[in-house]
Each structure stands twice: as structure tokens, then as C-alpha cells.
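First the structure, in the form of C-alpha cells, and then the observations on it.
Along the sequence shown, the residues carry numbers beginning at 1. Below, all heavy atoms of this structure are taken into account, side chains as well, without hydrogens, waters or symmetry copies.
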Amino acid sequence: MKTFYFFGILLLLLITACTATETGRQEIYMKQTGKSSVWTSFENPTGEKGIAGQENKGAKGHPSNRLAAGDSCDLLNIRGAGIIHRIWMTVNDRSPEMLRSLWIKMYWDNAGIPAVSAPLGDFFCNGLSVMTPFENCFFSNPEGRSMNVFLPMPFRTAARIVLINQSEKDLRSLFYDVNLVRLDKWDKDMLYFHTCWNHENPNTLGKDYTLLPEIKGEGRFLGVNVGIRTDSLYHNTWWGEGEVKIYLDGDSAFPSLCGTGTEDYIGTAWGQGSFINQYQGCRIAGKDRMWTFYKFHAPDPVLFSESCRVTLQIMGGSDYKEVLELYKSGVPLIPVTVSMKDPPRLIKLLEEPVPLEDPGFTDGWVNFYRQDDVSSV
């Protein structure tokens with residue numbers, strides 16, 4: 001099964017990252033001329049001035065709503081220019097099944113195609129839609145029961161956020177608020193926030209998994225949130241040898257930017273345990289064969305002026321004897337390299353026609369293409 005939604009986090013942010021720079025700190029005590037604050041929630045769905053919290057004579061009359069199976073709900077529907085600065089949300093059913101069935105879509109400037117389209121859990125940086133407590137530079141889940149995003153999302157003439165219940169179950173309780181500022185004037189240098197959701201189960205053997213299909217235009221690749229369920233066919237072999245490749249401004253066969261391994265891309269090394277950092281992290285590492293991790297290019301911008309495409313090799317590695325056993329038993333894999341210790345050398349099996357059964361490989365480490373359940377925003 002393969003599902004792919006281009007219009008749909010994080011893969012592409014076409015705005016300047018909101019990091020804790022000196023300029024950002026100064027903004028706290030500077031006058032914000034030409035701006036006004038708006039919150040939308042069930043207590044004030046339109047965000048209009050002076051009408052919030054009226055139900056039940058102002059005594060918490062409408063904090064949440066039910067969302068029936070197949071129904072949708074506008075979280076924001078507003079005209080004019082503005083910037084969304086925060087979205088908070090919680091639901092009573094926080095199972096991965098429900099969080100994958102709830103779909104969030106965002107439309108800027110009355111566009112017919114959503115700029116954001118992704119499962120709710122994955123969008124909020126919960127890879128595989130599995131909730132755990134965490135906080136990074138753009139997302140937080142304080143106690144594993146709520147979702148926050150602090151990514152600025154500008155719009156020029158209108159903004160609409162829709163939540164759709166695509167499950168067969170009614171959602172008993174939905175709570176949310178969207179916090180934004182209205183702008184008197186649109187800045188022509190502001191760019192729009194977009195996402196891309198992709199899911200392959202399994203991925204195509206030997207073909208790089210697509211994190212971001214080629215898009216045209218000028219912008220910034222902000223980062224990615226990935227979830228992997230490893231296939232038990234590969235036993236407990238390491239899955240994260242694959243490199244992230246970023247094709248910029250007309251790159252064709254080969255990219256301009258290339259990493260050295262999956263765990264290397266998110267800033268760790270020699271395997272990947274659980275850790276939470278501001279710009280990189282791995283929330284789940286191996287539990288029930290699940291791995292969820294993220295990387296944000298906030299302090300290390302990835303910029304493009306014409307086009308951008310991002311891929312991830314789904315590649316694992318293990319000692320020679322184990323890989324040979326898998327290979328002979330018919331497990332789907334393509335040997336890529338053999339790393340020998342004594343004498344040190346790297347045998348590139350895709351360039352050198354050496355069979356994996358070569359007796360000289362006994363003490364080597366073998367990297368190989370493999371297939372798993374891979375998803376990303």
C-alpha cells in the first residue's frame with residue numbers, strides 16, 4: 001500500500017524560522033503597530049472582538065464539541081491578512097488509529113487546494129501518530145495528552161483550517177484554540193507554510209523514499225518528522241544506514257546536499273536512542289519496532305530559489321553472517337557495501353560484481369536496502 005499527499009508538516013516551510021534570536025526577544029517589548037490579537041475556539045469560533053465566552057452567561061458554556069464520524073469542523077475561517085502563531089488541540093480519543101483518521105487541512109487566500117493536508121497526530125510531530133510527552137523548537141506535547149504547534153503561518157487575504165473525522169467512530173470531545181495576529185499590511189517578502197504527507201508500506205526496495213517530491217519556486221525546506229515500523233523479517237538488524245539527499249535548483253541525477261546516515265542526519269551517531277532536543281530528536285526508539293524522529297533546519301537553513309526535492313534511503317546494516325542468512329532465506333534486500341576491518345576497505349557491491357557469498361566477507365559489516373513501513377510529514 002502506498003499513499004501520497006503532496007498538498008498536505010513540516011517538509012516545507014516557506015517562511016523565516018521563529019527561533020530565539022536577539023531580534024525575536026526584542027519583539028516582546030517593542031510596540032506591535034498595525035497588529036491585533038485574535039483567538040478562535042468553540043467559545044468564539046469567528047474570533048470577533050467582544051463576543052467570546054457568551055454561552056451559559058459566560059460560565060464556560062462551550063469549551064468543546066463532538067465530531068461525528070465523517071463530519072468536519074472549521075477551526076478557523078477568517079478574512080484579511082494575518083499570521084497564525086500557535087495552534088493547541090486535544091481530543092478524548094488519542095489512539096494512533098484515531099489520530100491517523102483525523103485529518104487537518106489548511107487553506108491560504110481562498111485556494112482550492114490545501115497547503116497543509118496530513119493526519120492530525122503526525123502533523124503535530126507525533127510520528128506514527130503515537131503520543132508521548134516532548135518539546136522542541138516548534139512543537140510540544142507537555143504530558144502526552146495535547147498538541148501544540150508554534151510555527152508562524154502567514155496569510156494575505158484569508159485563512160481556513162478544517163478538521164475532518166475520517167474514522168468510523170464519533171469523537172466525543174474536541175477542544176482547540178488558534179492564536180493569530182491580524183495585520184494591517186501584508187509584507188510581500190512573507191512566504192506561505194506548506195506540508196507534504198507521504199506513507200509507504202512497504203517502501204519500494206532499492207528506491208529512495210520521498211520526503212518531499214520536487215516542488216518549483218522559491219522557499220525554504222524547514223525539516224521533517226518521520227515514523228518507521230521495522231519489518232520483523234529483518235530480525236533486529238539496524239535499519240538506519242540510509243542517507244538524506246536534498247536536490248536543489250535543478251539538480252537531476254545527484255543532489256547538492258547529502259548526509260551520511262539516518263541517525264547522523266538528526267545529529268546523533270553509532271545507532272539511535274531516544275532523545276529530545278530543540279532541533280532534532282528521536283521520541284521513540286525501538287519500542288514495538290517503532291522509531292519516530294525529527295530534524296528542523298532552523299539554525300542551518302536549507303534554501304532554494306527554483307526547486308527542491310528531498311529523499312531518504314531505506315537502508316539497513318548488520319554483520320555479514322546475519323545478512324547472508326537473511327539473503328539466503330529470501331528476505332527482500334539488496335546488498336550495497338561490505339566494510340572490512342582487516343585490512344580496512346569498503347567494497348562497493350553496486351560497482352564491483354562480487355557475490356555476497358564471497359568467503360572473504362566473513363568478518364565484514366554489510367549495508368543493504370530493505371523494506372519497512374515508512375511515513376513522514
Point to revise | Side chain proximity check, Ser318 to Tyr234, heavy atoms < 4.5 angstrom | key: no
**Study point:** Nearest-0.5 Å distance, NZ of residue Lys105 to CG of residue Asp74
**Key:** 12.5 Å
Point to revise | Spatial distance of atom OG (Ser37) from atom CG (Leu180) [nearest 0.5 Å] | key: 8.5 Å
Check your understanding: Counting only heavy atoms not in Trp39, do more than 12 sit closer than 6.0 Å to its CH2 atom?
Key -> no
Check your understanding: Counting only N and O atoms by type, is there a donor-acceptor contact under 3.5 Å from the side chain of Asp249 to the main-chain atoms of Ser305?
Key -> yes
Point to revise | Asn136 side, atom CG; Gln278 side, atom CD - distance, nearest 0.5 Å | key: 6.5 Å
Point to revise | Heavy-atom donor-acceptor pair, Glu263 side chain to Gly271 backbone, under 3.5 Å | key: yes
**Study point:** Hphob cluster co-occupancy, Leu205 + Leu349, side-chain heavy atoms under 4.5 angstrom
**Key:** no
Practice item. Decide if atom CG of Asn236 counts as having more than 12 heavy atoms of other residues, nucleotides or ligands within a radius under 6.0 Å. Key: no
Review point. Under 3.5 Å, is there a donor-acceptor pair between the side chain of Asp358 and the main chain of Pro355?
Key: no
Practice item. Would you check if Arg145 and Arg94 make a side-chain contact, meaning some heavy-atom pair closer than 4.5 Å? Key: yes
Check your understanding: Donor-acceptor pair, Ser274 side chain versus Arg283 backbone, under 3.5 Å?
Key -> yes
Review point. Could Arg370 and Asp231 be called an ion pair, given the rule that one side-chain N must be under 4.0 Å from one carboxylate O?
Key: no
Practice item. State whether the side chain of Thr40 and the backbone N or O of Leu75 hold a donor-acceptor pair below 3.5 Å, judged by distance alone. Key: yes
Point to revise | Atom CZ of Phe175 with >12 non-hydrogen neighbours under 6.0 angstrom | key: yes
Check your understanding: Does the side chain of Leu183 come within less than 4.5 Å of Ile83's, by heavy atoms?
Key -> yes
Exercise for review: Determine the minimum heavy-atom distance between Phe368 and Leu333, stating which atoms define it.
Suggested key: CD1-CB, 3.7 Å
Point to revise | Side chain Asn225, main chain Asp122, donor-acceptor under 3.5 Å | key: yes
Review point. Taking atom OG1 of Thr157 and atom CG of Asn110, what is their separation to the nearest 0.5 Å?
Key: 5.0 Å
Check your understanding: So, the side chain of Glu43 versus the backbone of His62: is there a donor-acceptor pair under 3.5 Å, distance only?
Key -> yes
Exercise for review: May I ask you to decide whether Asp177 forms a salt bridge with Arg86, counting only side-chain N to carboxylate O separations under 4.0 Å?
Suggested key: yes
Check your understanding: Parallel, tilted or perpendicular: which describes the rings of His199 and Trp197, with under 30° parallel and over 60° perpendicular?
Key -> tilted
Check your understanding: If you measure only the distance, is there a donor-acceptor pair under 3.5 Å linking the side chains of Tyr279 and Asp300?
Key -> no
Check your understanding: Taking everything shown except Glu168 itself, do over 12 heavy atoms lie less than 6.0 Å from its CD?
Key -> no
Check your understanding: Regarding Ser117 and Trp103, is there a side-chain donor-to-acceptor distance under 3.5 Å anywhere?
Key -> yes
**Study point:** Check: Ile228 main-chain N/O paired with Asp372 side-chain donor or acceptor under 3.5 Å
**Key:** no
Check your understanding: How about Glu357: does its CD atom have over 12 heavy atoms from other parts shown lying under 6.0 Å from it?
Key -> yes
Review point. Quick one: does Glu322's side chain have a donor or acceptor within less than 3.5 Å of a partner on Tyr320's backbone?
Key: no
Practice item. Nearest 0.5 Å please: distance from the CD1 atom of Ile266 over to the NZ atom of Lys295. Key: 9.5 Å
Review point. Would you say Arg156 and Trp108 make side-chain contact, with heavy atoms under 4.5 Å?
Key: no
Review point. Roughly how far, to the nearest 0.5 Å, is the NE2 atom of His297 from the CG atom of Leu303?
Key: 11.0 Å
Review point. Is there a path of hydrophobic side-chain contacts, each under 4.5 Å between heavy atoms of I, L, V, M, F, W or Y residues, that connects Phe138 with Tyr294?
Key: yes
Check your understanding: Hey, does Phe42 have a side-chain heavy atom less than 4.5 Å from the side chain of Tyr176?
Key -> yes
